[in-house]
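I have placed the structure first, in the form of structure tokens, so that the comments after it can refer back to it.
Within every chain, numbering begins at 1; the chains are lettered A, B, ... in the order of the sequence lines, protein sequences first and strands thereafter.
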2 protein chains.
Amino acid sequence: MEDHLARYVERVAHFWEAQGVPRIAGRILGYLMVCEPPYRSATELARELQVSKGSVSSMTRLLLASGSIEVLPRPGERATDFQLSPDSLEKKLLRRLEETVAFRAIADEGLDLLADAPAAQRERLTAIRDLYAFLEQELAGLMDRWRESRS
Amino acid sequence: MEDHLARYVERVAHFWEAQGVPRIAGRILGYLMVCEPPYRSATELARELQVSKGSVSSMTRLLLASGSIEVLPRPGERATDFQLSPDSLEKKLLRRLEETVAFRAIADEGLDLLADAPAAQRERLTAIRDLYAFLEQELAGLMDRWRESRS
DNA sequence: CAGTTGGTTCAGTAACCACTGAACCAACGG
DNA sequence: CCGTTGGTTCAGTGGTTACTGAACCAACTG
């Protein structure tokens with residue numbers, strides 16, 4: 001890989017590492033952003049990023065699970081190629097929406113628990129519940145607008 | 001602490017633990033959601049959550065840094081009390097907005113790097129840049145609407 | 001000033017995690 | 001049916017992290 005590309009890959013990897021993503025996973029993402037053609041097999045990734053095949057195997061599994069990459073279906077090919085997933089945003093938004101719904105449920109549960117507690121105590125939980133309800137609505141709207149802009 | 005409250009605290013802690021938050025930090029958040037009055041000192045937290053003072057010290061530091069809790073200013077008091085931060089959402093949104101801006105910058109950098117690359121190669125990066133620009137705009141709008149609804 | 005109380009710091013630990021390299025498991029090609 | 005090639009699994013490692021308990025620091029109180 002050319003030097004300026006390698007530096008760019010490292011830059012992307014560093015960004016993701018700061019968000020808690022393993023370094024090698026970040027490198028894979030960075031490389032798949034700029035390589036030509038836009039897909040690579042596990043073996044190629046290992047060779048070009050200079051990391052072990054084992055790492056590539058577990059990191060691609062991780063990135064597949066998080067929806068960041070996907071396998072490029074190539075019938076009849078020996079190797080399976082990976083590429084950036086075009087709808088990774090949608091998957092992540094959906095996950096976040098689910099988390100939001102889950103926490104709103106927890107807040108509601110808390111309100112049940114404090115059903116006959118003084119109003120002041122319930123107020124705090126109510127505010128939290130409303131906050132997550134707000135987020136829930138906003139996320140849904142955001143996803144709609146995203147889908148609309150894609151079509 | 002009563003048994004049903006303790007169970008609820010554990011439930012909240014479990015939710016946050018699934019998002020990568022240390023267990024004890026999650027317990028603190030859970031407890032501060034339901035305790036009366038809505039604030040507690042480090043010593044109280046240690047006693048009531050049955051954890052070491054050292055853990056409370058580092059976890060409150062963590063939660064303060066992330067903006068999830070804040071110290072309740074109580075002039076003349078010996079102990080410093082912590083409570084849930086009312087504007088933790090705003091802080092987190094702001095942080096996410098900054099991340100989004102940062103990554104859009106990285107995408108732009110990539111486009112500079114591939115200034116004279118074939119159009120197909122640049123297209124991928126352009127899509128990513130546009131995606132983060134979209135998110136940037138949406139986050140800003142979301143924050144506006146949140147602030148509006150609070151006032 | 002001594003004793004008490006609230007909090008931080010720090011050494012020590014147990015668990016976890018990213019990563020490597022080697023062994024292993026297909027599937028295909030001569 | 002062997003040899004090769006693409007990929008997964010797994011033991012071992014170096015490093016990090018959440019947590020405890022003890023030592024320590026600082027402020028107020030009698």
Problem - With B/Asp87 via side-chain contact (heavy atoms from CB on, under 4.5 Å) - residues at least two apart - result: B/Glu70, B/Ser85, B/Glu90, B/Lys91
Completion exercise
Those residues at least two apart in sequence (or on a different chain) that pass side-chain contact (heavy atoms from CB on, under 4.5 Å) with B/Glu48 are B/Tyr31, B/Arg40, B/Glu44
Side chain to side chain donor-acceptor pair (under 3.5 Å) involving [X] - partner list, sequence neighbours excluded:
| X | value |
| --- | --- |
| B/Thr43 | none |
| A/Lys53 | none |
| A/Gln137 | none |

Completion exercise
So, with a heavy-atom separation below 4.0 Å from DNA chain D, the residues of residues 16-27 of chain A are none
Practice task
Would you jot down, in residue-number order, the residues of residues 39-68 of chain B having a non-hydrogen atom under 4.0 Å from DNA chain D?
Solution key: B/Val51, B/Ser52, B/Gly54, B/Ser55, B/Met59
Which ring pair (Phe, Tyr, Trp, His ring centres under 6.0 Å) pairs, counting each pair once, include a residue from [range], with sequence neighbours left out?
| range | result |
| --- | --- |
| residues 32-62 of chain A | none |
| residues 66-121 of chain A | A/Phe103-A/Tyr132, A/Phe103-B/Phe15, A/Phe103-B/Trp16 |
| residues 41-72 of chain A | none |

Practice task
Verify salt bridge (Lys or Arg N to Asp or Glu O under 4.0 Å) between B/Glu36 and A/Arg124, making sure each step is shown before the conclusion.
Solution key: CA-CA 10 Å; B/Glu36 184 63 23; A/Arg124 202 176 346 145; 3.6 Å; yes
Practice task
Using ring pair (Phe, Tyr, Trp, His ring centres under 6.0 Å) as the criterion, list what pairs up with B/Phe134, not counting sequence neighbours.
Solution key: A/Trp146
Listed pairs, N/O of protein and of nucleotides 25-30 of chain C, under 3.5 Å:
unit_1 : atom_1 : unit_2  : atom_2 : d
C/dA27 : N3     : A/Arg78 : NH2    : 3.2

